Protein chains: 2
Amino acid sequence: MNQNLFAPTDETVPNLESLRIDTPPVTLREMALERLRNAIIAGLFSPGQRLVERTLCDQLGVSRSVIREVLRHLETEGLVETAPKQGPIVARIDWHQARQIYDVRIALETTAVADCARNADAATKEKLKTVLEDLDRNSRKNDALTILAATTEFYETIFLSGGHEIAWDIVKRLNSRISRLRVMTLSTTNRTVSGPARMREIFNAILRNDPDAATTACRAHIEEAAQIAESLLVPGKHGKP
Amino acid sequence: MNQNLFAPTDETVPNLESLRIDTPPVTLREMALERLRNAIIAGLFSPGQRLVERTLCDQLGVSRSVIREVLRHLETEGLVETAPKQGPIVARIDWHQARQIYDVRIALETTAVADCARNADAATKEKLKTVLEDLDRNSRKNDALTILAATTEFYETIFLSGGHEIAWDIVKRLNSRISRLRVMTLSTTNRTVSGPARMREIFNAILRNDPDAATTACRAHIEEAAQIAESLLVPGKHGKP
DNA sequence: TCTCGTATGATGGTATACCATAAGATCACG
DNA sequence: CGTGATCTTATGGTATACCATCATACGAGA
């Protein structure tokens with residue numbers, strides 16, 4: 001009888017979900033992971049720089065066990081590589097890798113964007129509108145980090161609205177690997193203009209439920225970023241291809 | 001002068017690469033990682049099963065430090081999840097996730113296959129031919145593991161021939177997450193026939209340098225697998241949708 | 001008989017100790 | 001002055017010790 005009271009149909013009582021005490025097992029490791037990851041993404045460590053375990057222990061104030069597990073995690077994420085006989089270093093990125101990352105992003109993001117254009121509900125469209133408005137407000141300030149965050153939120157909305165959590169996860173990781181590149185890209189002439197413009201194209205296509213146009217705009221958005229990145233990363237390609 | 005001798009143009013002397021003694025720093029951790037990963041993929045541990053650290057220490061004969069770092073690695077790969085207040089367990093996979101994985105594979109593999117159809121050189125085509133012939137020889141034996149390995153090699157050739165190492169890495173990881181599913185899929189009626197057939201379609205399209213046909217065949221290949229997986233994973237979908 | 005409290009054992013989180021090795025410096029010898 | 005050997009030190013790899021917490025079981029009392 002009690003059973004009936006507390007688990008009536010197993011799905012018709014979502015209220016009970018909210019009762020759940022989501023334990024904050026904010027472990028040392030998780031904090032250290034976030035700190036270190038952000039530090040690397042922010043460029044606090046330069047690519048190729050050695051990450052000496054004991055030094056990190058002092059800097060983060062935790063023991064080596066924690067540091068080592070965090071390094072393993074970041075290694076799997078691609079932010080850290082382990083040089084043989086030398087230990088962990090901040091991963092370097094060359095143009096060959098960066099180009100591949102942009103290619104994967106094109107493959108995944110065009111898919112998500114097209115799907116969103118097909119199936120987006122009103123709430124999603126509203127959310128995208130809000131994000132774009134914020135972006136417009138901020139783009140004038142030319143603050144790279146702010147624009148980056150808004151761009152991320154824009155695509156996150158698109159991915160998650162279609163239930164593509166795994167693809168979004170992949171894209172997030174790839175983006176963290178080219179984070180420096182993305183910031184540099186945004187510092188480039190009028191990228192702070194062309195980026196939001198492309199995103200508005202995508203948005204309009206989604207509003208019209210036009211998957212093809214959305215795909216095209218999305219591809220253009222990423223491809224432009226890739227072009228700028230290439231000019232930054234490949235010395236000979238600064239204007240003359 | 002010595003400098004000129006040993007690093008002439010930095011790229012015109014690939015022979016020096018072969019001189020490199022690739023140190024085999026086959027660390028305990030790497031061995032344990034491979035063992036444990038294979039064990040999970042092979043289904044030695046069932047999904048949801050707890051992975052008690054100290055038990056694994058005994059089973060693998062290493063200390064907890066190693067085990068914990070390996071678990072972190074597998075966690076990032078998606079093969080292991082850490083339940084709060086309970087510790088690491090073998091990741092479960094539901095249909096929602098599996099479907100997403102198939103979707104990502106479609107996005108990445110169609111891209112790679114189309115690119116291969118556009119640019120494949122003779123050596124690549126030859127390699128693919130060999131792989132398919134091996135597959136044909138073995139498919140009659142209906143040995144799921146062998147077929148799986150050949151399928152993997154087929155796609156690996158396609159990805160790597162186009163220089164898509166990162167995308168291939170992603171696909172490999174995703175595949176390990178649905179490994180059980182893939183084996184089950186192959187055990188299904190005539191999947192051991194339809195799979196190779198689709199791969200031959202892809203191969204023929206690549207031979208003809210026909211990216212569109214290759215894309216279509218590749219999508220069909222994965223979509224078929226996804227259909228079978230769905231019928232296995234979703235009880236109500238066994239034949240009547 | 002049921003419920004509540006306590007105790008005990010297991011488990012993960014964290015820190016530290018030890019060891020082998022590789023890189024760098026110093027010094028002796030040619 | 002240069003070359004080479006040796007010693008020192010720093011570093012990562014590995015193992016172990018300690019602790020807080022959670023779950024289970026058992027027992028006492030209503």
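Protein chains get the first letters and strands the later ones, always in sequence-line order, with residue 1 at the start of each. The structure displayed is predicted, hence computed values, not measured ones.
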Residue pairs, two or more places apart or on separate chains, that pass salt bridge (Lys or Arg N to Asp or Glu O under 4.0 Å) and touch residues 31-44 of chain A: A:Arg37-A:Glu77
Separation of C:dA10 P from B:Leu56 CG (nearest whole Å): 17 Å
Contact state string [nucleotides 11-16 of chain D, B base, S sugar-phosphate only, - no protein heavy atom under 4.0 Å]: BBBBBB
Listed partners of B:Leu160 passing side chain to side chain contact (heavy atoms under 4.5 Å, CB included), at least two apart: B:Glu156, B:Glu165, B:Trp168
Salt bridge (Lys or Arg N to Asp or Glu O under 4.0 Å): pairs with one or both residues in residues 39-62 of chain A, sequence neighbours excluded: A:Glu53-A:Arg64, A:Glu53-A:Arg68
Contacts of B:Arg180 that satisfy salt bridge (Lys or Arg N to Asp or Glu O under 4.0 Å) - sequence neighbours left out: none
Residues in side chain to side chain contact (heavy atoms under 4.5 Å, CB included) contact with A:Gln97, at least two apart in sequence or another chain: A:Ile93, A:Asp94, A:Arg177, B:Ile166
